[in-house]
Every structure is written in structure tokens, then in C-alpha cells.
There are 2 protein chains.
Amino acid sequence: MARRVNASPQPSNLDARKATILEAVVVEHIDTAQPVGSSSVAANADLVVSPATVRTEMVVLEREGYLAQPHTSAGRVPTDKGYRYFVDHLEAGVLGPAQQRQIKEFFAHVRGEVEDVLEQTATLLSRLTSYTSVVVGSGHSRATILSVQLVNLDAHHHLLVAVYSDGTVTKNSVLVGFDATPFDVSEASRQLNALLIGTTLESKVQVPSRTDTVAKLVREGVSLLHAEMPTMEGEQVYIGGSSRVAEVFEGVETVRQVLSILEQELLVVSLVEDILEKGVAVAIGSEHGFEPLSSCAVIVAPVSLEGETIGAVGLLGPTRMKYREVMAAAEAVSKHLTTHFGGEPEHA
Amino acid sequence: MARRVNASPQPSNLDARKATILEAVVVEHIDTAQPVGSSSVAANADLVVSPATVRTEMVVLEREGYLAQPHTSAGRVPTDKGYRYFVDHLEAGVLGPAQQRQIKEFFAHVRGEVEDVLEQTATLLSRLTSYTSVVVGSGHSRATILSVQLVNLDAHHHLLVAVYSDGTVTKNSVLVGFDATPFDVSEASRQLNALLIGTTLESKVQVPSRTDTVAKLVREGVSLLHAEMPTMEGEQVYIGGSSRVAEVFEGVETVRQVLSILEQELLVVSLVEDILEKGVAVAIGSEHGFEPLSSCAVIVAPVSLEGETIGAVGLLGPTRMKYREVMAAAEAVSKHLTTHFGGEPEHA
DNA sequence: GTTAGCACTCGATTTTACCGAGTGCTAACG
DNA sequence: CGTTAGCACTCGGTAAAATCGAGTGCTAAC
């Protein structure tokens, strides 16, 4: 769901020629990573003006904040605002046939648990785009519980295993300060099942208020499961091609910072969710609030199931990334993921 | 279990003075990252010789392969062999009090599943040492099965959830081409339990040869579980502080290569296991066979439970890493992990 | 065997010069 | 009036030259 405006919106008032010039600068700078001069812009086929004219226009574009000059006698470089304009006016890109094939091939062959599919998807996306990818799977707050089981490990130590309708499984250690017989455990297990099957983690359940061993176990179990809810737990984050960070960003310090962000899964999740919430598909530079990522652009596409957003795929690169291709890739993969999880029951 | 030889072994014949010089070079180069000259070595307190003498000795050390000269008029730099000698003759380091406290604190407070503990341990190690850490948890080939459960997801789609005595839980999708009633599923679940509880993945079990629905489900389940065995699956890899790679190695290309290795979990596991198998605690430069890691040193310490190696902690840095501190940290953490999993039943 | 003395090497740093891409301005042009 | 050719000017990047100095190897004396 990229915010793509083809008619001109409120403040983005650029006449056709300025727009063309801006676009040319962006395209060339993305390609060469160098400041772009007036003459190479003027060489652009769609433009039949002299460099001098381009220059006067560029002065305006600079004053309006779309372009910047690294130093007096250099060409122009797009600002975040410039990239934003470019992206907003980008007509949908088409994937190369090779990439389309790669995606098709991938989804035709992936097997296994959701987690595995998501992890491999991250790798796919990274290979597809040459950027670092992020795949987020939402928690199962909406999924219903299919089965709960309490397994005895040793005297005071049990394991609570829950299976959800979305195919995920969780486990929690149950550590209690009292002895429980195998019978107690299996009885508690039975009661937990009776109590929880069919509920979601959001539903309220009535726990027994008795004080016997079994009741205590049941209470402990229920509270453990529900305790998991408010935290981000259940969110899964998979990162693909983190080594790309090193080739795509220049400057060790930037690389370090980006890597360091990627290490913090919670941060990544909230970043992706923020962007999705704003209804934007791409956040450029400082648009997302993350200082250390101010030289990055993040492209996000949601993965949904029956209208619900159940996850997202994202790509992270420098602000001068290949938006068209990457957005196309993100969109294609997210669509495939959606049908993959939607078409077949839960997972393949 | 570092290979530490204090008496001189076979080929490492260095008289006391050469040893001191070599050590001084290593120490200083680790500290400064610069080639070390004869005069700064001679300034070393334990050495009462002139730079000229040091120089003649260094010529020998160079001929024997312990030192190298980046170019004619520069100081000396240790070779892998030089580092090896240094490490082999290193007396056990002691951890700083601050670090000891950090470790104590950590293990006093960690809670949660094995997986969580291992993941957090990776972060701890990285913070402790400023290098990238690797924590490997072995698979559960030796653990006995405590419970197996088949849960129905939809018509042809079930989930096989197994709980092992080491507290791990696995799940496998079971996709069958025939209808199974809820009764079939729970009956199959019951039979799987009867069949598998108490066995390990290495044990052989007799599967029913009947052709009814239940028997088919049972066979499918058993084979799925056992299929998991030969692969590395069940091995868990946690990497801590991957952003350290960017600050610890110089040269974007090296950073990229190392990151790219770390992305491939299977590679990391086999690297760590290789090193452990050789009974070595540290692999320097090209000692481990990995070309792309030839500028790295890897320090590994096993985590064991009742004599069995159940995992390992590792640290990865440049060959000029702070061996003494890092080895001490690795050893301390691995010991703590060992008692953490050993002392308390399985996990805390 | 050790060391002071010394000529020599050679990478790193600094200096200087220079080039040229690109600019802004101005004046002419249609 | 918008457009453009012409031109002086800026300034980062690159290359060549000069310089520095840490460190070496060798030799001769202790």
C-alpha cells in the first residue's frame, strides 16, 4: 500500500519541468552515488533545455528543500524530501522475469513450519534485492488455543506446552514450590485443556479458586500463558542478508549503527509496525523517528490474512536505494506470502 | 580446556629471551594494532638488552615463522604461529572484578527457557568481551521423549508436538492425503505416546504395519521425528553483538565476509564443533579450515552436562584479540552455564 | 655475545600544484 | 520574459614532490 499520488497533492507543487529535473537527479544519483550536475541532467532525453536553464531550476529546487549541494562547486544531491517526492510519484515497478521466476520457484518449493518459511523468505528477499531484509511475524494474540499440555520434567518443574490454531507452539517453564504427583500434573493438564481450548490469549477465563495442588498448577499455567500476551513475545523477527549492510552503506560507523539496531529485535518490530501504522510503505531518512537510521530508507509491505495484518516484510537500505525494484519485490513477496498462508490452511 | 603447555613441548623451542621478545611483540601489537619495533620491545622491563640484540633475535624469530615484517623498514607483526605460541604459553587469565560481578549478576537473574538463556548469554558474552559471540546449543539426540502429541489443525493437516527431557519442544507439520476423524487423531496421539515415551531419537521403535488411518498417522509421526535426527536440526545458534564485527575488523570487505559467514548457521555450528573436536580452545587464523575467516581467531569453550558436551560458547575476533581476557570470560561463562543447567534441573 | 654507531629503506604525511566539473552571474537572443 | 551562451570563479580530488622518521641491517668496537 504505497502512498502513491499521481495527481499533485497539496504542497508538492512542482511543475512538470522541475519534476523531471528532480527525477533525473534522483535516478542518476541512485545509480552513481555521485552529486549530479546540470549538464548530465540536461542530457536527459525528456528535457530539451540547456544546462543553464536546469541550473536556474535547481536553485529553486534547492531553496524548496528537494535538493542539496555538498559544497559550492559540486552537483546536486537529493534530500529526504526529494526522495519522498520521487517515491510518491513513482509508478509501480515491474519485477524482472528472473526475479519473478525466483519468487515463484521459492514459493512452489518451501515446506515446513511458518517460522521456517518466514526465515527463508528473509533470505529470499535479501537475495532478490541485494539489501538487508526484515520479516516480521505477528504474535498469536488472535489465534485460538488448540491444545494445552503440562509435562512433568522433575519434582518442582513442569513444562507448559500450548498449540495455537495458527500452527505456532509455545512453551513455558512452570516452577512451583510444592510437590505434585504425576496424577496432579495430568489432571491439571486435563483441566487446562477444558478451560482454554478454543479461547484466545485475549479472552478471560475463570480459574478455580481452590487451593489444592491441581488448582494451583492450573492457575499458574493460565497466568503464565496470559502473561506472555502484553509483551511483544510471539513476535518473530527474521533478518536476511545482514552482511549486505556492509556493502550497501559506506562508513564503518554507519554499518556498526545499523547492525546494532538490527540486533535489537524489539526495536526492529516497533520500527516496522510504526511504518505500517502510518499507512506508509516506505520511510525515508528521518521520517521514521530513529536517529541512528537517518541515512536509511525502509520499505515495508504487510502480509495479511483475512483482512488482518499478520506480519510484514521489509527492506532496509541507504536512502539512495533502488526504490522501484525493491518496492516491487517487497510487494510481490508479501502478496505471495499472503496467499501462501491464506490459500493453504495456515502453512504448507 | 585450552591446550596450555608450560613446559616446552616438541617443536616450540624458544629460549627464554626469544619467548619474552615474542610475547612482548604480541602484547604490544594486540594493544596498538601497529608493527612493533625493536626499541619498544627492549624497553620492556623484563628485558635488559639493547634494541640491537632484540633485532638480531627478531631476525631469527622471523626466520622461524613467528614474526613477519609488513615491509622492510617496519616493525614486526606476529604470525599465526606467533599467536599460537603466545596462546599456548599463556597462563590462565583472571577476570576483572567488574566482569565477574556482571556474570554473577546475570546468572542470578536469568529466567526462562533454555533457548532464552542461551540467547541472552550470547549478548552477555559480547558485552563482556567487546567481540562477537556465538552460543551453540546441541540438539536433543540424547534426550528422551517425555510426551508426543498430535493436534488436529484441519482436514489433512496435523501438528506433531514432542517434548523432550532436556526441556526442548519440537513441532512438525503432518500433512496426509486422507481424512482422519478427531478420534483417529487422538488415538494416533495415544499410540505415539505409548510407543515413544522414554525413547530417544536414536532408539529404534517398532511401528505398526497395519494400513488403517491411525496406523498411517502413527507411522508418519514416527518417521517425521526420526527424520529430524541426522540433520543438524535441533542445534541452536545464537549470535551476540554482530555489530562488533564492524568495529573490530578493519576493511569493509572483511566485515562483509565475516558477517556473511555468521549468517550461515550451519557453517557456524560446524566451525565450533570442529574446533571443539580437535580439543583446542582457540583457533587462530587459518588453523580452522575456513578461508574467509583467515584473519579471525575463534575461542571456544564447551558447556557440558554430566560429562556430555551439550553446547559451546565461542567468541570471534581478529587474530590480534585480547586472548587472556577473552579466554577467561569464555571459560567463566561456560562454567556458569554448565552449573546453571546442571545444578538446577535442566533449566531455571 | 652484546652493543653503539650509522647508512639506508620505505611507508606515511604534508605540501604544492593543478585540473576540471560544476556553479552563479551577466548579457545577448528570439 | 524565459532561455541560453559565455565566462570568471570555486573548490574538492588527484597527482607529483618533498619531507619525515621509525625502524632496519650491518659493521666495528667493547
Side-chain angles (χ1 to χ4, degrees), chain A residues 13-22 24-79 82 250-251 320, chain B residues 13-22 24-79 82 250-251 320:
Chain A
N13 288 329
L14 291 187
D15 59 69
R17 199 169 61 184
K18 287 200 187 59
T20 315
I21 292 176
L22 176 54
V25 172
V26 172
V27 169
E28 186 171 335
H29 182 256
I30 285 177
D31 193 46
T32 65
Q34 300 287 329
V36 181
S38 54
S39 45
S40 45
V41 171
N44 188 316
D46 328 357
L47 223 51
V48 279
V49 286
S50 73
T53 314
V54 173
R55 249 173 279 150
T56 27
E57 293 284 50
M58 292 211 293
V59 171
V60 180
L61 283 169
E62 184 170 359
R63 194 171 45 229
E64 312 243 313
Y66 294 96
L67 293 179
Q69 227 174 346
H71 56 266
T72 326
S73 74
R76 302 307 208 288
V77 160
T79 61
E250 45 220 277
R320 49 168 282 274
Chain B
N13 286 331
L14 291 187
D15 58 69
R17 199 168 64 184
K18 287 200 187 58
T20 313
I21 291 175
L22 175 54
V25 172
V26 173
V27 168
E28 186 171 334
H29 183 256
I30 285 177
D31 193 46
T32 64
Q34 300 289 328
V36 181
S38 54
S39 45
S40 45
V41 171
N44 188 317
D46 328 354
L47 222 51
V48 279
V49 287
S50 74
T53 313
V54 173
R55 250 173 278 149
T56 27
E57 293 285 49
M58 292 210 294
V59 171
V60 180
L61 283 168
E62 184 170 356
R63 193 170 46 228
E64 311 243 311
Y66 294 96
L67 294 179
Q69 229 174 347
H71 55 266
T72 327
S73 73
R76 300 310 207 286
V77 160
T79 60
E250 46 220 277
R320 50 168 282 275

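Small disclaimer: the values here were computed from a predicted structure and weren't measured. Just so we're on the same page: letters track the sequence lines, and every chain starts at 1.
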Between A:P51 and A:A42 the two heavy atoms that sit nearest each other are N-CB, 3.8 Å
Does the pair A:L14 and A:Y66 meet the rule for a side-chain contact (heavy atoms from CB on, under 4.5 Å), with working shown? CA-CA 10 Å; A:L14 291 187; A:Y66 294 96; 3.8 Å; yes
Between which nucleotides of DNA chain D, read 5' to 3', does contact with chain B run, using atoms under 4.0 Å from its heavy atoms? D:dG23 to D:dC26
Rounded to the nearest 0.5 Å, what separates atom CG in B:L61 from atom CG in B:L67? 5.0 Å
Residues 51-61 of chain A vs salt bridge (charged side-chain N to carboxylate O under 4.0 Å, His left out), sequence neighbours excluded, gives A:R17-A:E57, A:K18-A:E57
All salt bridge (Lys or Arg N to Asp or Glu O under 4.0 Å) counterparts of A:E62, not counting sequence neighbours: A:R76
Can you pull out the residues from residues 50-59 of chain B that lie within a 4.0 Å heavy-atom distance of DNA chain D? B:R55, B:M58, B:V59
A:Q34: what forms a side-chain contact (heavy atoms from CB on, under 4.5 Å) with it, not counting sequence neighbours? A:T32
Going by the rule side-chain contact (heavy atoms from CB on, under 4.5 Å), which residues pair with A:S50 if we only count those two or more places apart in sequence or in a different chain? A:A52, A:T53
Got a sec, which residues hit salt bridge (Lys or Arg N to Asp or Glu O under 4.0 Å) with A:E28, two or more places apart in sequence or on another chain? none
Output for pair (B:T20 OG1, B:D15 CG), nearest 0.5 Å, gives 8.5 Å
Counting Watson-Crick and G-U wobble pairs whose two distances are both under 3.5 Å, find the runs of 3 or more in a row that involve DNA chain D. C:1-30 with D:1-30
Who passes side-chain contact (heavy atoms from CB on, under 4.5 Å) against A:T72, sequence neighbours left out? none
